Amino acid sequence: MALTFLFAPWSHGVGFGYIGRSLTIATELRAAGHRCVFSCDTAEGIVARSGFPVVGSPVPHNQAVPDMGHRQGQYISIDTLDTAFAIAGYYHESRVREDLRADLATLRACAPDAVVIDMQPTAALAARHLNIPVVSVGDSDFFRPTANGWMPWLPDEEMVSPYPSCLPAFNAVAAELDVPAVENVTELLLGDLTLVASVPELEANQEPLPPRQNLRYIGPVFWDPPWSDVEQTLARHGDERPRIYVTLGHGGKATGQQLQPILDVCASLDCTAFVSLGFRPENSTLTLPDNVVTGGFTGISKPIQWSDLVINHGGYSTVLTSLRYGKPQIVLPFMSEQEANGALFVEAHNAGFLLRHTSRARDGRQHFTYRLRYSGESASGDCGTDEWRQAVQDVLADSSYTQGAERISKVIRAVTDQRDLPRTITEFLA
Amino acid sequence: MSDESPSSDKVFELIRNVLVNVKSASAPVLPEQILADSTFEEPPLSMDSLDFAQFVVGVESEFGMIAYDSDFFNLRTVQDAVDLVRRTLSADSAGQGHFG
């Protein structure tokens, strides 16, 4: 029987991983004969371009990470899921209520057989109120109620979120809908079926996820735009020299400025490189060397497979997909959980390293200082060409990084090669 | 601007109190040091991103408002904040009223 699924990924501004992951699952469900619609789209209209109807009227509001310009600095500090929700304004009951109203209207109009969320709390609350099953997809840290869970390398007492907790607001509004209260906002994301985009071995060095019936590890889920011609581009680019793939994501600040020193290093090394520029307009000012080719929004899996080394920002999907294909990584994080991804998934398995680490400054103020891998303490955290050159040379010269990545790749593929998401989801709903 | 909106002087006074509280843990400032044309990024305020986030939350709490407006994050001076708060208070609030 064909089912209708409403996909409700996090849509509060930054990062593409949530919508990308939803697009992949929706595409597989559609191929299996089911109907999939979305509650939101990207500014570029990628959901609609992929052939999925976008229903409902998302409430316009500020981005998940407000544009604080120079005040933001180049590192975005988000210590927990609660803080991520707070930045979206969910510590205000009225704000939760506003988005919930929109989600309820969408669900009533769409009448889906299940709602598929990806870090989207109000759609989950709306679905529970209407007794519609919730399938929740997410990064493993979405579901871990650990204090400081997105910045676990910092002692808990060193972090003070500037925002109030969102828990009282969520519970107050949930009570109005006769939806049970939760003890931690991470519980809002636990679905009737919870699909964690990881594998148990990658989580073994972290606090266990809460025991939950119907919580399954599905490995990384990534999305490649079907209209991308990157495969042909890559086929024309590259020779016997080492191949470097550079992708710094869409959510961070100052990612554009960090690209140029990487390109300068590529120019000085005997290598070829491919750079995904994504949506960022500032990249038009980059100076490209002859051995570097760029693409726009290319998707990640093809360039990763093409490469010998992936330079990335530590985005969850990018890190895990690079591991999936057994590629070593150099991670330059621009925000909290990206640094955690680099430490816990890459460094912990000797599949590469973080180029900079963050710690709290010791001057009594709550801001961060940086430690670069080679040049040490840095107030700005900027990585120059010397830093990048050393990092690239070290990874390319040391095969143990590739071996570490290949070892984890086998573990991940043991999960993803067996994966049948439409079957997993529809059998659960039956 | 409705008649019920607080005066500019009153809003300034309350915003100044919020700023004193925000700065108290790191680099304390006295109320009289904060002027309408004080900028957020220069002394005596010298606010970083965390200070500013705390300031926005403090203003929301003090005035019972929501700082949705992205303009809030592009303020330059204390007077800019006073003006924005007064504008926001005079606008219709959204999302009020319980379910059921």
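Naming convention: chains lettered A, B, ... in sequence-line order (proteins, then strands); numbering from 1 in each chain. Note that the structure is predicted; figures quoted are calculated from it, not measured.
Atom CD of B/Glu32 has more than 12 neighbouring heavy atoms from other residues, nucleotides or ligands inside a 6.0 Å radius.
Contact between B/Val57 and A/Pro162 at its shortest, heavy atoms only, is CG2-O, 3.6 Å. Summarising the geometry of B/Met65 relative to A/His92, their closest heavy-atom pair is O-CE1, 3.7 Å, with the distance given to 0.1 Å.
Note: B/Gln54 CD to A/Tyr163 OH = 9.5 Å, rounded to the nearest 0.5 Å. Rounding to the nearest 0.5 Å places CD1 of B/Ile66 at 10.0 Å from CD of A/Glu93.
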